[in-house]
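Here the structure is laid out as structure tokens; the discussion comes afterwards.
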Amino acid sequence: MAVPLDAVGAHVSAPTLWAVADLHAAVPANRRWVEGLRPRHPGDWLIVAGDVAENMEVVVSTLERLRRRFARVVWAPGNHELLSRATERYRGRERYAELIRRCREVGVVTPEDAYPSFFGTVVVPLLTLYDHTLAPPGVTLARARRAGRTLIDDLALAPFADVPAWCRERLFYGARRLAELGGAPTVLVNHWPLVREPVDRLGLPELALWCGTAHTRQWARRYRARAVVHGHLHLPGTYAVDGVRHIEASLGYPREWRARPGGLAAQPWPYPVLGGEAA
């Protein structure tokens, strides 16, 4: 069985399911943290909840190095992996398909693969994207753009894909596959939060437009989640929502993790999600 963990170092005699997100591995100051990601047990798994990097080569090479260290690496893409320039060969959905192909070549589990089981708990990587439905009342896409409060997605993702339409497709796809799991407990992994509560902490309410979708609100309970892992907000921490732990495991940019009281040492990172105990 898999048991919840609340502190780094617990159950080190048994495999642990660890989680990170928002590595932004192309940033020089972040590389030492990425290189420091090492298993504490030969059977340790690692969740990577998106935003590894923008450059496809960096994404795949980073995940490949981590896969060499950990028994299993489970990756859910974020918006930064999907960003592209007009001059690049792969953009939008084609870029995602190429990332899936390359990750499979290096043995990394993606949202398109069979979901692996960690001591009886199914680890489910998702790609839901966003549909602008998480914003507070009165906050619209047009208002945010007029105020200049948008994400880079408007320049490097939206021109190459209808993101809300893609989001709808991914919701149907994810829900169908989750329903097929029957009664198995899960750990849901998505770059964007599945609920609104973490998003409400953002200082700019307009940013909620790009932070997920309201249609995943019930997924944690409906699909028997023991924990939900996400990133995107760069506000690491743990939230209990309807009795389920929602874990943001972000590293973020240097200016952010340096500004946190106590730095990265002030909280678990990587975050221990579950500890495995052999039957």
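From a predicted model like this one, the values you see are computed outputs, not experimental measurements.
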Closest approach of L251 to D22 (non-hydrogen atoms, all atoms of both residues):
CB-O, 3.5 Å
Work out which heavy atom in W219 is nearest to a heavy atom in L188; give both atom names and the distance.
O-CD1, 3.9 Å
Transitively linked via ILVMFWY side-chain contacts under 4.5 Å: V273 with V74?
yes
Nearest heavy atoms of P111 and P77, plus distance in Å:
CG-CD, 3.6 Å
Would Y130 and D153 count as having a side-chain donor-acceptor pair, cut-off 3.5 Å?
yes
Between V58 and A26, what is the shortest heavy-atom contact and its length?
CG1-N, 4.3 Å
Determine whether the side chains of T110 and E112 contain a donor N or O and an acceptor N or O closer than 3.5 Å.
no
With a 4.5 Å heavy-atom cut-off, do V123 and W45 have their side chains touching?
yes
Of all residues at least two apart in sequence or in a different chain, which pass the ring-ring contact (aromatic ring centres under 6.0 Å, His included) check with Y173?
none
Candidate list E57, E64, E81, test salt bridge (charged side-chain N to carboxylate O under 4.0 Å, His left out), partner R102, passing option:
E57
Is the ring pair H232/W192 parallel, tilted or perpendicular, if the boundaries are 30 and 60 degrees?
tilted
With a 4.5 Å cut-off on side-chain heavy atoms, are H132 and P164 touching?
yes
Do the ring centers of W269 and W257 come within less than 6.0 Å of each other?
no
Quick one: side chain to side chain contact (heavy atoms under 4.5 Å, CB included) partners of R101, sequence neighbours excluded?
E98, E105
Evaluation steps, side chain to side chain contact (heavy atoms under 4.5 Å, CB included), between H24 and E256
CA-CA 12 Å; H24 297 286; E256 295 166 329; over 6 Å; no
Report all side-chain donor-acceptor pairs from residues 200-212 shorter than 3.5 Å, counting only partners two or more places apart or in another chain.
{"residue": "R201", "atom": "NH1", "partner": "Y239", "partner atom": "OH", "Å": "2.3"}
{"residue": "E206", "atom": "OE1", "partner": "R149", "partner atom": "NH1", "Å": "3.4"}
{"residue": "E206", "atom": "OE2", "partner": "R149", "partner atom": "NH1", "Å": "3.2"}

Show the nearest heavy-atom pair for residues M56 and L99, with the distance to one decimal.
CG-CD2, 3.5 Å
A quick test of your reading: do over 12 heavy atoms of other residues, nucleotides or ligands sit less than 6.0 Å from CZ of R31?
yes
For the hydrophobic clusters of this structure (ILVMFWY residues joined by side-chain heavy atoms under 4.5 Å, transitively), does one cluster hold both V59 and L127?
yes
Side chains of R217 and V241, heavy atoms from C-beta outward: is any pair under 4.5 Å?
yes
Nearest heavy atoms of V244 and R221, plus distance in Å:
CG2-CG, 4.5 Å
With a 4.5 Å heavy-atom cut-off, do F118 and V187 have their side chains touching?
no
When you compare the side chain of W18 with that of R40, does any pair of heavy atoms fall below 4.5 Å?
yes
Roughly how far, to the nearest 0.5 Å, is the CG atom of D154 from the CG atom of L141?
6.5 Å
For the pair R168 and D131, evaluate salt bridge (Lys or Arg N to Asp or Glu O under 4.0 Å) and give the outcome as yes or no after the intermediate values.
CA-CA 8 Å; R168 288 192 294 273; D131 59 5; over 6 Å; no
With side chain to side chain contact (heavy atoms under 4.5 Å, CB included) as the criterion, how do L17 and I47 come out once you've worked through the C-alpha distance, each side chain's angles and the decisive distance to 0.1 Å?
CA-CA 7 Å; L17 175 64; I47 289 168; 3.8 Å; yes
Please determine if R177 forms a cation-pi arrangement with Y115, meaning its NZ or CZ atom is less than 6.0 Å from the six-membered ring centre and no more than 45° off the ring axis.
yes
Heavy atoms, side chains only, cut-off 4.5 Å: are H191 and N79 in contact?
yes
Verdict with reasoning, E94 to R89, per salt bridge (Lys or Arg N to Asp or Glu O under 4.0 Å)
CA-CA 9 Å; E94 290 184 356; R89 177 180 178 184; over 6 Å; no
Between H246 and H230, ring centroids under 6.0 Å
no
L129-I152 co-clustered via ILVMFWY side chain contacts under 4.5 Å:
yes
State, with a plain yes or no, whether a side-chain heavy atom of N30 is found less than 4.5 Å away from one of P254.
yes
Heavy-atom distance under 4.5 Å between the side chains of L46 and R69, does that happen here?
no
